[in-house]
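Side chains are part of it too, since the values below use all heavy atoms of this structure and drop only hydrogens, waters and symmetry mates. Please read these numbers as outputs of a predicted model, since none were measured by experiment. The first residue in the sequence is number 1, and the count goes up from there.
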Amino acid sequence: MEKKLKILGIVSMIIGGVAALCCLSPKTLIIAFPTGFIGMVCSCIYVFIDTRDQINTKKITPGIIGVILSSVPVLIILVFTIIHYFKS
């Protein structure tokens with residue numbers, strides 16, 4: 001079980017990293033949203049299993065890093081929306 005959880009953590013970090021890197025260009029922002037969603041799902045599954053079985057006792061786990069990286073596209077769009085709202 002620990003090996004599968006470790007693989008899931010690595011996958012969630014990789015997918016979250018890809019989502020964060022796709023945010024660098026406005027053209028690839030369309031790809032960042034679905035990728036970030038998939039990364040968020042993987043990360044949530046990791047955090048759920050890790051919390052349920054109490055496998056990792058560290059505060060920062062690969063699942064938490066994956067959640068942060070996967071949420072970058074949403075945060076960037078939110079910041080742009082707020083900036084545009086206050087400029088008008």
Side-chain angles (χ1 to χ4, degrees):
M1 183 66 170
E2 288 183 30
K3 187 175 181 179
K4 291 179 184 178
L5 190 67
K6 189 173 184 177
I7 292 171
L8 185 62
I10 291 170
V11 166
S12 67
M13 285 193 311
I14 289 171
I15 294 174
V18 168
L21 286 175
C22 286
C23 291
L24 295 176
S25 173
K27 294 179 182 178
T28 59
L29 198 57
I30 294 172
I31 298 169
F33 277 115
T35 307
F37 180 74
I38 293 169
M40 188 70 73
V41 170
C42 290
S43 299
C44 289
I45 291 171
Y46 178 92
V47 169
F48 173 74
I49 293 171
D50 186 34
T51 306
R52 183 187 66 191
D53 296 338
Q54 296 179 352
I55 295 173
N56 289 327
T57 56
K58 302 174 191 174
K59 291 185 179 182
I60 298 177
T61 61
I64 301 297
I65 295 170
V67 166
I68 292 169
L69 290 172
S70 296
S71 63
V72 169
V74 175
L75 294 175
I76 286 178
I77 292 297
L78 184 65
V79 167
F80 286 145
T81 305
I82 291 171
I83 289 171
H84 179 67
Y85 177 76
F86 285 116
K87 275 188 172 181
S88 299

Applying side chain to side chain contact (heavy atoms under 4.5 Å, CB included) to Ser71 and not counting sequence neighbours gives Met40, Leu75
If two hydrophobic side chains count as joined below 4.5 Å and joins carry through other members, does Val41 share a cluster with Ile49?
yes
Measure from the side-chain N and O atoms of Thr51 to the backbone N and O of Phe48, and report whether any donor-acceptor pair falls under 3.5 Å.
no
Quick one: do Ile82 and Val79 end up in the same hydrophobic cluster if we chain Ile, Leu, Val, Met, Phe, Trp and Tyr together by side-chain heavy atoms under 4.5 Å apart?
no
Looking at Thr35 and Ala19, would you say the former's side chain and the latter's main chain have a donor-acceptor pair under 3.5 Å?
no
Give the minimum heavy-atom separation between Cys22 and Ala32, together with the two atoms involved.
CB-CB, 3.7 Å
All side chain to side chain contact (heavy atoms under 4.5 Å, CB included) counterparts of Val74, not counting sequence neighbours:
Phe33
Applying side chain to side chain contact (heavy atoms under 4.5 Å, CB included), name anything that partners Thr81, two or more places apart in sequence or on another chain.
Ile77
Partner set under side chain to side chain contact (heavy atoms under 4.5 Å, CB included) for Ile76, not counting sequence neighbours
Cys23, Val72, Phe80
Cluster question for you: counting only ILVMFWY and a side-chain heavy-atom cut-off of under 4.5 Å, with indirect links fine, are Ile68 and Leu78 together?
no
Connected-component partners of Leu24 among ILVMFWY, side-chain separation under 4.5 Å:
Leu21
In residues 4-13, what donor-acceptor pairs under 3.5 Å come from side-chain atoms, sequence neighbours left out?
residue, atom, partner, partner atom, Å
Ser12, OG, Leu8, O, 3.4
Ser12, OG, Gly9, O, 2.8

Nearest-0.5 Å distance, CD1 of residue Ile14 to SG of residue Cys42:
10.5 Å
Is there side-chain contact between Ile64 and Thr61, with at least one heavy-atom pair below 4.5 Å?
yes
Heavy atoms only: give me the nearest Pro62-Tyr46 pair and the separation to one decimal.
CD-OH, 3.4 Å
What closest approach, in Å, do Ser70 and Pro73 show between heavy atoms, and which atom pair accounts for it?
O-CD, 3.3 Å
